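As structure tokens, the structure follows; a few thoughts come after it.
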Protein chains: 2
Amino acid sequence: MPASPDRDCAMFQRIEPVPAYRTVCDAIEKQIMTGRLGAGDPLPTETELAEQFGLARHTVREGLRILEESGLVGREAGRRLFVKAPHYSDLAPRASRALVMQRVTFEELWEVSMSLEPSAAARAAARIDAEQIAQLEENYRHMEEERAAGRSIIALDVEFHTLVAEIAANKALLLAREPISQLFYPALAKLFAHPLNCETGPRRLAQAHRRIIDALKAHDAGQAELWMRRHMVDFRRGYELCSFNLKDAIAFEGA
Amino acid sequence: MPASPDRDCAMFQRIEPVPAYRTVCDAIEKQIMTGRLGAGDPLPTETELAEQFGLARHTVREGLRILEESGLVGREAGRRLFVKAPHYSDLAPRASRALVMQRVTFEELWEVSMSLEPSAAARAAARIDAEQIAQLEENYRHMEEERAAGRSIIALDVEFHTLVAEIAANKALLLAREPISQLFYPALAKLFAHPLNCETGPRRLAQAHRRIIDALKAHDAGQAELWMRRHMVDFRRGYELCSFNLKDAIAFEGA
DNA sequence: CATGTTGATTTGTTGGACAATGGAACATTT
DNA sequence: AAATGTTCCATTGTCCAACAAATCAACATG
């Protein structure tokens with residue numbers, strides 16, 4: 001083995017001290033992941049945990065804050081903490097912010113969406129039911145209403161795509177696409193603020209949604225995928241038409 | 001508007017009390033997202049923060065734990081906290097665990113990977129450089145070594161795919177695929193534990209990697225995508241061959 | 001120049017305390 | 001009887017004061 005990197009010679013790995021609050025967090029997490037604590041179970045009270053761990057309540061609390069943030073525990077109507085399965089909506093905001101901080105570009109987001117959205121539509125076509133069709137129609141109706149009133153349809157567009165993904169019923173897909181989907185909000189805002197697009201943009205967008213819904217209703221996976229793809233391509237073209245740079249970082253959308 | 005849902009009539013939204021530690025977290029997060037605190041900047045000390053916020057140090061600490069967990073701040077060689085841009089490797093473990101708890105199936109993971117991995121390979125082919133080729137070759141060499149020695153190549157397989165994704169240099173893609181990629185670890189372990197696959201599985205896997213690397217070296221996006229797709233299909237077929245149920249939940253991989 | 005020593009700074013942890021909130025059980029009002 | 005007020009207890013949110021342990025920098029020592 002020639003040119004073996006010298007780090008192979010490093011005999012010892014970096015050793016970092018583990019604060020007690022992290023151990024608390026890990027211990028509880030382990031109980032959850034191994035199923036000894038299941039979703040819906042209430043956590044012991046802070047004082048009980050402190051006793052069991054032999055630590056001060058403050059220390060335990062810091063561990064709980066971490067667990068809470070990672071979505072493994074949450075409050076269900078009241079103060080008490082309950083174990084829960086983290087929902088994609090818990091994790092998406094952090095991921096979105098991470099992407100913004102990494103100065104992700106429109107092009108990067110678009111590329112991934114180009115991979116995920118059409119296949120999501122195809123999958124949705126195969127398993128959509130009446131109630132879900134109604135949801136999509138309601139979204140469409142609402143969008144036309146807002147559009148006629150000259151109000152923003154951005155939130156409704158993001159919702160439409162999330163609805164399609166939920167109909168596709170793939171938990172990994174939902175988790176993967178949501179952070180990206182959220183970031184189209186500022187991108188669309190920028191797009192529709194441009195005089196070239198403030199009128200035609202929303203109209204074309206609604207038309208595409210119409211086509212997609214129709215394909216889904218007909219359980220036509222091919223058409224659904226096709227129209228979703230066209231919809232995405234159209235989005236990108238609009239961006240270029242306004243001579244926005246695809247490689248600019250996505251702007252931060254404040255709370 | 002017929003059949004307006006009665007929740008539209010609810011005059012007031014749910015109002016939930018915001019504990020001070022969350023306000024702390026939000027305040028600091030805002031400073032980061034608006035750029036007043038940039039990556040690499042040190043945070044004020046806990047006592048300073050406590051003074052500025054007019055809160056007790058421990059309350060501030062709970063807020064810091066949340067920020068730390070979400071990856072916006074971290075320790076860089078020492079105790080002091082620094083602002084940083086969250087890396088996908090910070091967020092992936094949480095997401096993976098979320099998927100496990102939601103009882104994600106092999107089929108779901110596979111479907112998303114089937115959308116992401118081939119296009120990642122195609123994109124990687126367009127921009128791979130000499131050093132990156134060397135990394136892939138090193139990974140391949142190492143894999144053959146381990147395979148010959150009868151040791152597990154699973155970690156190296158996961159690493160291979162992450163390498164390809166990093167070469168594709170799409171930050172959104174990296175973030176989206178990593179949690180899923182991590183979950184193939186237990187799936188592969190299960191697969192290679194089966195007598196039908198413990199020999200042929202790793203061999204076919206290494207062969208596919210060989211083809212992919214060659215395509216990448218030739219900057220042939222089409223071939224890279226094609227072989228990656230075949231590689232994924234092969235993976236699934238192996239799973240079916242062992243008569244594993246594609247709809248079984250992925251097992252938890254303990255620390 | 002590598003290795004102690006010292007001291008100031010900062011984080012990790014503890015203890016005890018109290019206010020505020022939620023929930024349940026019960027009393028009161030209409 | 002249904003809605004509203006009262007009481008009490010368990011639990012969480014917050015504070016104050018303090019100490020142990022680790023880090024860093026400067027300096028002293030061999």
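We name chains A, B, ... by the order of the sequence lines, and we start the count at 1 in each one. All values reported here derive from a predicted model rather than from experimental measurement. All values below were derived from every heavy atom in this structure, side-chain atoms included, with hydrogens, water molecules and symmetry-related copies excluded.
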Next on the checklist: When you measure only distances, ignoring hydrogens and angles, does the side chain of B:Arg57 come within 3.5 Å of the base of C:dT13 through a donor and an acceptor?
Outcome noted: yes
Item to check | A:Arg79 side chain near C:dT21 phosphate (N/O to OP1/OP2, under 4.0 Å) | outcome: no
Item to check | Sub-4.0 Å heavy-atom contacts from residues 62-70 of chain A onto DNA chain C, ordered by number | outcome: none
Checklist entry - Without hydrogens or angle criteria, can the side chains of A:Glu178 and A:Gln182 be said to hold a donor-acceptor pair below 3.5 Å? => result yes
Checklist outcome for this item: With the side chain defined as heavy atoms from C-beta on, A:Glu46 is closest, among D:dG13, D:dT11, C:dT11, to D:dG13
Next on the checklist: Which residue in the set B:Thr59, B:Val24, B:Ile28, B:Val73 passes side-chain contact (heavy atoms from CB on, under 4.5 Å) when paired with B:Leu64?
Outcome noted: B:Ile28
Checklist entry - In whole angstroms, how far is the C1' atom of D:dG13 from the CZ atom of B:Phe53? => result 17 Å
Checklist entry - Of A:His58 and B:Pro17, whose nearest nucleotide on DNA chain C comes first from the 5' end? => result A:His58
Checklist entry - Nearest 0.5 Å, what's the CD-CD distance between A:Glu145 and A:Glu138? => result 8.0 Å
Next on the checklist: Rounding to an integer number of Å, can you tell me how far A:Phe82 CZ sits from C:dG22 P?
Outcome noted: 14 Å
Checklist entry - Are there more than 12 heavy atoms of other residues, nucleotides or ligands under 6.0 Å from atom CZ of B:Arg151? => result yes
Checklist entry - Within the pair B:Arg61 and D:dG13, is there a side-chain N or O less than 4.0 Å away from OP1 or OP2? => result no
Checklist entry - Under 3.5 Å, is there an N or O donor on one side and an acceptor on the other linking the side chain of B:Arg80 and the base of C:dT9? => result no
Item to check | Between C:dA20 (C1') and B:Glu16 (CD): distance, integer Å | outcome: 17 Å
Next on the checklist: Ring-plane angle category for B:Phe160 and B:His209, please: parallel below 30°, perpendicular beyond 60°, tilted otherwise.
Outcome noted: parallel
Checklist entry - Reckon A:Tyr21 has a side-chain N or O less than 4.0 Å from the OP1 or OP2 of C:dT13? => result no
Next on the checklist: Can you tell me how the ring of A:His58 sits relative to the ring of B:His58, calling it parallel under 30°, perpendicular over 60° and tilted otherwise?
Outcome noted: tilted
Checklist entry - Is the phosphate of C:dT10, meaning OP1 or OP2, less than 4.0 Å from a side-chain N or O of B:Arg75? => result no
Checklist entry - With sequence neighbours excluded, what pairs up with A:Thr47 under the side-chain contact (heavy atoms from CB on, under 4.5 Å) test? => result A:Thr45, A:Arg57
Item to check | Salt bridge present between B:Glu62 and B:Arg65 (N-O < 4.0 angstrom) | outcome: no
Next on the checklist: Over the length of the helix from C:dC1-D:dG30 to C:dT30-D:dA1, how much do the five-pair end axes diverge, rounded to 10 degrees?
Outcome noted: 20°
Item to check | Nearest-Å distance for atom pair CG/P, residues B:Leu81 and D:dA22 | outcome: 18 Å
Item to check | Sole candidate of A:Asp129, A:Ile133, A:Ile128 that passes side-chain contact (heavy atoms from CB on, under 4.5 Å) when paired with A:Ile167 | outcome: A:Ile128
Checklist entry - Has A:Thr59 got a side-chain N or O lying under 4.0 Å from the OP1 or OP2 atom of C:dT14? => result yes
